[in-house]
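Data first, discussion second: the structure below is written as structure tokens.
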Amino acid sequence: QEVKNRYKKTTKLGEGTYAIVFKGEVVDKPGTFVAIKKIKINAEFKDGIAMDAIREIKHLQELSHPNIIKLHAVYSSKSQNLNIVLELLPLGDLEDLMRASDSVTYGAADVKAWMGMVCRGIWWCHANFVLHRDIKLNNLLIAADGSVKIADFGLARTFADPYTEMTFNVITRWYRPPELLYRARHYSGAVDIWSVGVVFAELVLRRFWLPGDTDLGQLQLICDTFGTPTEDNWPGVSKLEGYIKPGEGEVKRGLPRDYWDTSFGLIGPLGISLLRSMLALNPHKRLTAKQVLEHAWWTADPRPTPKDQLPNPK
Ligand code: ADP
């Protein structure tokens, strides 16, 4: 039986920039559902977008982990359409959850459970030499059993070869680390860790945290919050192509300890220490995914909420 006849599209679930997502049913197993992402291919963007879709497919097929969306199949229909059959994740995403302050309350134990799942998923990506490169709240989807899964591997790429130059124009701006804003061409898993740190902060604050409206504005927000990157706190930074040398008296020190204690009190001193170590300006000083998982916050009180007891936005 041809792959494309194994699934039947039913209702539309949503629409993104490059794709329409349908709920699908497995023909041989009535009552078993999947998500079918139909990639829009129009003449103008054809090559670029088809490449993104193919990258998504390649990386997802190689990764199998409870916190990474499962890819079931890929097929083309009507010669031009690319269909990606994915695990159905019907309970919305972490952005819906962060925004639902009228209807959903959550606390430190819930944040610890969600962040634990995200960090284990990212650790698995990095252990398999895959950078995600677009971690943000709305790419973290919620499965029927309450678990969080990393989705949208459209930008992911293997980083096995650190000497290959990589494009710096990745990651939605608000989640972009300083080295990419300075146009570093050789970067590492540390870029994802920064994005995960921003996600962590947003879940705690229940609002977007560093919403820069231009790349320069984003760097300003980062300097205001963490201090200005200099050769003292980040040896080598001034060599990056996009580095902006601060003028005399323009070196900012970042927000005081009190800001962190007050804004992120929910997660306690250990949580704050983890958050800040994920958001070190210097990517070499940022924790690796493995170090993140070894942090003392995970085993401190409160213990993470069991996944079947987590709130969701649906
Ligand atoms: P975006 O451009 O917002 O990243 P996508 O093209 O990935 O969007 O998906 C569009 C919408 O389809 C999402 O906002 C979500 O509501 C829904 N969706 C995507 N993937 C799935 C899935 N695996 N299961 C259920 N719904 C999904």
Side-chain angles (χ1 to χ4, degrees), residues 6-26 29 31-42 45-46 48-61 63-75 77 81-100 103-104 114 117-118 121-122 125 131-157 169-176 192 195-196 198-199 202 208 211 307 310 312-314:
R6 260 187 245 157
Y7 305 95
K8 193 167 133 274
K9 290 196 184 92
T10 63
T11 51
K12 182 168 154 182
L13 291 172
E15 190 159 357
T17 335
Y18 304 131
I20 305 178
V21 182
F22 296 91
K23 184 171 174 174
E25 189 169 19
V26 183
K29 293 184 198 149
T32 303
F33 297 96
V34 294
I36 304 178
K37 195 165 172 175
K38 180 171 145 194
I39 310 291
K40 298 180 200 167
I41 303 179
N42 67 36
F45 294 113
K46 202 174 164 183
I49 290 171
M51 269 314 296
D52 277 357
I54 288 162
R55 273 191 221 130
E56 168 151 358
I57 295 159
K58 183 168 175 290
H59 287 106
L60 276 175
Q61 271 178 342
L63 296 170
S64 173
H65 185 273
N67 303 113
I68 297 175
I69 191 169
K70 185 166 170 42
L71 179 122
H72 294 296
V74 177
Y75 63 91
S77 57
N81 285 330
L82 196 54
N83 295 273
I84 306 180
V85 184
L86 297 160
E87 177 177 6
L88 179 68
L89 301 172
L91 296 186
D93 58 52
L94 292 189
E95 183 177 328
D96 300 330
L97 197 84
M98 177 272 271
R99 289 173 179 275
S103 50
V104 181
W114 291 316
M117 294 187 272
V118 171
I122 278 296
C125 291
L131 296 183
H132 185 280
R133 305 200 309 176
D134 201 16
I135 295 293
K136 53 182 166 182
L137 284 174
N138 87 335
N139 280 342
L140 301 168
L141 274 51
I142 307 172
D145 69 353
S147 53
V148 173
K149 311 225 177 189
I150 301 172
D152 230 335
F153 278 73
L155 289 171
R157 72 163 275 162
N169 193 18
V170 294
I171 309 192
T172 307
R173 185 187 299 114
W174 301 348
Y175 300 86
R176 218 178 281 163
D192 287 334
S195 309
V196 171
V198 175
V199 160
E202 289 175 332
F208 293 112
K307 63 178 190 281
L310 284 165
N312 70 69
K314 286 285 157 99

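One is the number of the first residue; the rest follow in order along the sequence. For ligands, and for the atoms within them, numbers begin at 1 and follow the listed sequence. Reckoned from all heavy atoms, side chains included, excluding hydrogens, waters and symmetry mates. Just so you know, these numbers come straight off a predicted model, no measurement behind them.
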**Study point:** Ring-face cation contact, Tyr175 with Lys136, 6.0 Å cut, 45° max
**Key:** no
Practice item. Would you check ligand 1 and list the protein residues that come within less than 4.0 Å of it by any heavy atom, ordered by chain and number? Key: Leu13, Gly14, Glu15, Gly16, Thr17, Ala19, Val21, Ala35, Lys37, Ile69, Glu87, Leu88, Leu89, Asn138, Asn139, Leu141, Asp152
Check your understanding: How about Asp152 and Lys37: do any of their side-chain heavy atoms sit closer than 4.5 Å?
Key -> yes
Revision key, fill the gap. Lys38 meets the salt bridge (charged side-chain N to carboxylate O under 4.0 Å, His left out) criterion, sequence neighbours left out, with none
Exercise for review: Go through the structure and list residues passing salt bridge (charged side-chain N to carboxylate O under 4.0 Å, His left out) with Glu202, not counting sequence neighbours.
Suggested key: none
Exercise for review: Count the heavy atoms belonging to other residues, nucleotides or ligands that lie under 6.0 Å from NZ of Lys9, then report whether that count exceeds 12.
Suggested key: yes
Check your understanding: With sequence neighbours excluded, what pairs up with Lys12 under the salt bridge (charged side-chain N to carboxylate O under 4.0 Å, His left out) test?
Key -> Glu15
